[in-house]
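Written below as structure tokens is the structure these notes are about.
Below, chains carry the letters A, B, ... as their sequence lines are ordered, and counting in each starts from 1.
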Amino acid sequence: MARQNKNRIMEIRNRLKAKYPHVKTQLNHKNGFQLLVATILSAQCTDRQVNSVTPILFSKLATPEDFAAVPIERLEAMVRSTGFYKNKARHIQNCARSLIENFNGRVPDNIEDLTRLPGVGRKTANVVLGSAFGVPAMVVDTHVTRISKRLGLTKHKDATKIEFDLVKIIPKEDWNDFSLWLIYFGRAVCKARKPDCPNCFLEDLCKSGDKRE
DNA sequence: AACTCGGGGCA
DNA sequence: TGCCCAGAGTT
């Protein structure tokens, strides 16, 4: 029974890997701090929106010191098109100040310190760990949450509990890719409202049936 | 657990 | 026009 479920999960993993062989993050910044800023900006908006503001943003403001000193209204204006811009601008500035004060201006490379930064929750922290430091990290966003429930990989709805469920059943070397697979899959097939079940390559392994939730 | 912040893209 | 987007903080 448990054995059978394990085989099912590995089959899901194999098909995702075959379907999306070279996934990679769209928030690809060399600089760890700029990646952190881009990731905070990415909350509840598309990577396209983020990528439309970051070039001009980082051409004006590059370092934590720059972000700490800029007038907040100016920062708000520069990130406005990513939505929730007042929150994000405030978080980013406080984040820069905290990095200067507590971490010598460097982005910490562990989940505890990252999640203690203003505006950085578990998802943002895991994105930074995976993309900036190459550490195995399971990012649980709305796609991963929705699809993990549909596939029967978790029964929880809390993102942190889902993360713990997933890291138990997915091999560590797949963690970074797994979240990206589900995000790609969630955009193309397993969409929130109208999942394309007839054309789904995982349909025979799916637990959601007609519920779609 | 529910509520708030939000402009942009797309059917 | 309606709905979704690699969320986080507050109450």
Separation of dC5(B) P from Glu76(A) CD (nearest whole Å): 14 Å
Separation of Asn126(A) atom CG from dG7(C) atom P, in whole Å? 13 Å
State which of dG6(B), dA8(C), dA6(C) makes the closest approach to the side chain of Arg187(A). dA6(C)
Of the candidates dG9(B), dC4(C), dG8(B), the side chain of Gln49(A) sits closest to dG8(B)
Let me check something: do Val70(A) and Val53(A) share a hydrophobic cluster, defined by ILVMFWY side-chain heavy atoms less than 4.5 Å apart, either directly or through other members? yes
Do Asn5(A) and Arg8(A) meet the criterion of a side-chain donor-acceptor pair at a distance under 3.5 Å? yes
Under 4.0 Å from OP1 or OP2 of dA8(C): is there any side-chain N or O of His91(A) that close? no
So, Glu11(A) and Arg15(A), do they make that salt bridge, N to O below 4.0 Å? yes
In whole Å, measure the gap between the P atoms of dA6(C) and dC3(B) for me. 24 Å
Provide, to the nearest angstrom, the distance between the CD1 atom belonging to Ile92(A) and the P atom belonging to dG7(C). 15 Å
Looking at Gln44(A), I'd like to know whether one of its side-chain N or O atoms comes within less than 4.0 Å of OP1 or OP2 on dC5(C). no
Base, sugar-phosphate alone, or nothing: which one does Val144(A) contact when heavy atoms must sit under 4.0 Å apart? nothing
I want to verify a distance call: between dC5(C), dC10(B), dG9(C), whose nearest atom is closest to the Thr46(A) side chain? dC5(C)
Which part of the nucleic acid, if any, lies within reach of Thr124(A) when heavy atoms closer than 4.0 Å are counted: base, sugar-phosphate only, or nothing? sugar-phosphate
Could you state the atom-to-atom distance from CG of Asp47(A) to P of dG9(B) in whole Å? 12 Å
Expressed in angstrom and rounded to an integer, what is the separation of Ile162(A) atom CD1 from dA6(C) atom P? 17 Å
Measure from the side-chain heavy atoms of Arg193(A) and tell me the nearest of dC4(C), dC5(B), dC5(C). dC4(C)
Find the distance Asn51(A):CG to dG9(B):P and express it as a whole number of Å. 13 Å
Geometric cation-pi criterion Lys19(A) and Phe185(A), 6.0 Å radius, 45° cone: no
Can you tell me the distance, in whole Å, between the CG atom of Asn87(A) and the C1' atom of dT4(B)? 8 Å
Could you check whether Phe84(A) and the base of dG7(B) form a stacked pair, meaning centres closer than 5.5 Å and planes differing by less than 30°? no
Give Lys86(A) one of three labels, base, sugar-phosphate or nothing, depending on what nucleic acid heavy atoms sit under 4.0 Å from its own. sugar-phosphate
Identify, between Cys45(A) and Arg122(A), the residue whose nearest nucleotide on DNA chain C lies closer to the 5' end. Cys45(A)
Lys/Arg N to Asp/Glu carboxylate O, Arg146(A) vs Asp141(A), below 4.0 Å: no
Distance alone, cut at 3.5 Å: any donor-acceptor contact between the side chains of Gln49(A) and Ser52(A)? no
Would you indicate which nucleotide in dG6(B), dA6(C), dG7(C) comes nearest to any side-chain atom of Lys123(A)? dG7(C)
Expressed as a whole number of angstroms, how long is the span from Leu114(A):CG to dA8(C):P? 11 Å
With a cut-off of less than 4.0 Å, is there a side-chain N or O of Arg146(A) near OP1 or OP2 of dC5(C)? yes
According to a strict under-4.0 Å criterion, is Arg48(A) in side-chain N/O contact with OP1 or OP2 of dC10(B)? yes
